[in-house]
Amino acid sequence: MVYQHQIAYLRPAMVSEWVRVYSRVIHYDADTVLTEYYMTDDTGTDLKNVLVTTSKYIDVKLGRRTTHQPMILDYLNATAHENIPIDKYDFNERIKIIKRDVLQKEATL
């Protein structure tokens with residue numbers, strides 16, 4: 001279940017502009033997943049926005065939060081981009097990191 005969204009609009013996407021949307025898991029624990037999405041121009045060098053979604057794992061029968069099944073944790077462990085400790089997570093710092101990565105990509109083109 002989606003628990004929270006954090007979004008920053010950095011640059012507008014123009015009408016008919018081609019964009020790229022990237023997504024990756026940046027944190028998970030026993031019952032929570034943080035998924036980071038960001039949008040760039042088609043070249044991947046102009047950051048448009050950043051969205052982080054916090055999801056909580058819910059037992060639909062009980063209607064309350066519960067822990068991930070071991071199979072889900074195995075999947076998250078295999079596919080997560082990184083696992084930032086939740087107590088060290090800072091949305092504005094993530095934006096700076098993504099901007100830096102996008103600028104480095106631009107410099108290599």
Side-chain angles (χ1 to χ4, degrees):
M1 177 178 100
V2 173
Y3 177 75
Q4 176 182 6
H5 290 297
Q6 291 180 286
I7 190 164
Y9 297 100
L10 306 169
R11 296 189 191 282
M14 307 312 282
V15 174
S16 299
E17 178 182 10
W18 284 87
V19 297
R20 294 178 186 239
V21 177
Y22 302 86
S23 65
R24 56 193 178 190
V25 172
I26 60 169
H27 170 79
Y28 65 92
D29 60 23
D31 65 358
T32 304
V33 175
L34 264 65
T35 309
E36 178 178 82
Y37 305 85
Y38 64 97
M39 183 172 66
T40 69
D41 65 333
D42 192 36
T43 65
T45 59
D46 186 22
L47 185 62
K48 305 280 187 180
N49 68 41
V50 176
L51 166 69
V52 174
T53 299
T54 304
S55 301
K56 299 290 184 178
Y57 194 57
I58 303 294
D59 182 321
V60 288
K61 291 180 183 175
L62 300 175
R64 61 180 163 207
R65 194 166 67 182
T66 189
T67 57
H68 293 296
Q69 298 167 348
M71 183 173 62
I72 301 290
L73 285 173
D74 290 345
Y75 176 78
L76 290 168
N77 188 45
T79 60
H81 175 69
E82 49 189 309
N83 199 8
I84 300 167
I86 196 74
D87 60 334
K88 298 198 184 310
Y89 170 77
D90 179 280
F91 183 65
N92 291 324
E93 188 60 33
R94 288 300 300 170
I95 293 170
K96 291 176 188 175
I97 290 167
I98 296 168
K99 277 185 183 178
R100 183 196 66 217
D101 292 348
V102 166
L103 288 173
Q104 285 177 350
K105 181 177 181 178
E106 181 179 30
T108 61
L109 293 178

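Every value quoted in this text rests on a predicted model; they were computed, and no experiment measured them.
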**Student:** With heavy-atom distances below 4.5 Å as the criterion, would you say the side chains of Thr54 and Val2 are in contact?
**Tutor:**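 Not touching, per the 4.5 Å side-chain cut-off.
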
**Student:** Does OH belonging to Tyr75 count more than 12 external heavy atoms closer than 6.0 Å?
**Tutor:**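 No, the 6.0 Å shell around OH holds no more than 12 heavy atoms from other groups.
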
**Student:** Starting at CG of Asp31, measure out to CZ of Arg65 and round the result to the nearest 0.5 Å.
**Tutor:**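 That separation rounds to 4.5 Å.
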
**Student:** To the nearest 0.5 angstrom, please state how far the CD atom of Gln69 sits from the OG1 atom of Thr67.
**Tutor:**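 Between atom CD of Gln69 and atom OG1 of Thr67 there are 8.5 Å.
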
**Student:** List for me each residue that meets side-chain hydrogen bond (donor to acceptor under 3.5 Å, both in side chains) alongside Glu82, sequence neighbours excluded, and say none if there are none.
**Tutor:**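 Partners of Glu82 by the side-chain hydrogen bond (donor to acceptor under 3.5 Å, both in side chains) criterion, ordered by chain and then number, come out as Arg94.
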
**Student:** Does this structure show an ion pair linking Lys48 with Asp46, if we count only N-O contacts that are shorter than 4.0 Å?
**Tutor:**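 Yes, this pair counts.
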
**Student:** So, using side-chain hydrogen bond (donor to acceptor under 3.5 Å, both in side chains) as the criterion, who are the partners of Asp42 when residues are at least two apart?
**Tutor:**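 Per chain and number, Asp42 pairs via side-chain hydrogen bond (donor to acceptor under 3.5 Å, both in side chains) with Arg20.
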
**Student:** Report the distance from atom OG1 of Thr66 to atom CD1 of Ile58, rounding to the nearest 0.5 Å.
**Tutor:**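 Those atoms lie 8.5 Å apart.
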
**Student:** To the nearest 0.5 Å, how far apart are CD in Glu36 and CZ in Phe91?
**Tutor:** 8.5 Å

**Student:** Are side-chain heavy atoms of Ile97 and Glu93 found at a separation under 4.5 Å?
**Tutor:**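 Answer yes - side chains close enough.
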
**Student:** Among all residues two or more places apart in sequence or in another chain, which pass the side-chain contact (heavy atoms from CB on, under 4.5 Å) test with Val19?
**Tutor:** Ala13, Glu17, Met39

**Student:** Under the ring pair (Phe, Tyr, Trp, His ring centres under 6.0 Å) definition, can you give me all pairs with a residue in residues 45-71, not counting sequence neighbours?
**Tutor:** Tyr57-His68

**Student:** Please round to the nearest 0.5 Å and tell me the distance separating atom CD of Gln6 and atom CG of Asp90.
**Tutor:**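 If we round to the nearest 0.5 Å, Gln6:CD and Asp90:CG are 9.0 Å apart.
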
**Student:** If I compare all heavy atoms of Gly44 with all of Val102, which pair ends up nearest, and what's the gap?
**Tutor:** O-CG1, 3.6 Å

**Student:** If hydrophobic clusters are built by linking Ile, Leu, Val, Met, Phe, Trp and Tyr wherever their side-chain heavy atoms come under 4.5 Å apart, do Ile84 and Leu76 end up in the same one?
**Tutor:** no

**Student:** Give a yes or no on this: more than 12 heavy atoms of other residues, nucleotides or ligands lie within 6.0 Å of atom CZ of Arg100.
**Tutor:**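 Above 12, so yes.
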
**Student:** Rounded to the nearest 0.5 Å, what's the gap from CD1 on Ile7 to CG on Leu51? Could you check?
**Tutor:** 5.0 Å

**Student:** In terms of hydrophobic clustering (I, L, V, M, F, W, Y; side-chain heavy atoms under 4.5 Å; direct or indirect links), are Tyr37 and Ile98 co-clustered?
**Tutor:**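 No, separate clusters.
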
**Student:** Using side-chain hydrogen bond (donor to acceptor under 3.5 Å, both in side chains) as the criterion, list what pairs up with Lys99, not counting sequence neighbours.
**Tutor:**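 For Lys99, no residue satisfies side-chain hydrogen bond (donor to acceptor under 3.5 Å, both in side chains) once neighbours in sequence are set aside.
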
**Student:** If a pair satisfies ring pair (Phe, Tyr, Trp, His ring centres under 6.0 Å) and one of its residues is in residues 1-35, list it, with sequence neighbours excluded.
**Tutor:**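 Qualifying pairs, neighbours excluded: Tyr22-Tyr38.
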
**Student:** Indicate yes or no: at least one non-hydrogen side-chain atom of Leu34 is less than 4.5 angstrom from one of Ile86.
**Tutor:**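 Heavy-atom side-chain distance check passes, below 4.5 Å.
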
**Student:** Would you say the side-chain atoms of Asp29 pair up with the backbone N or O of Val33, donor to acceptor, closer than 3.5 Å?
**Tutor:**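 A pair under 3.5 Å: no.
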
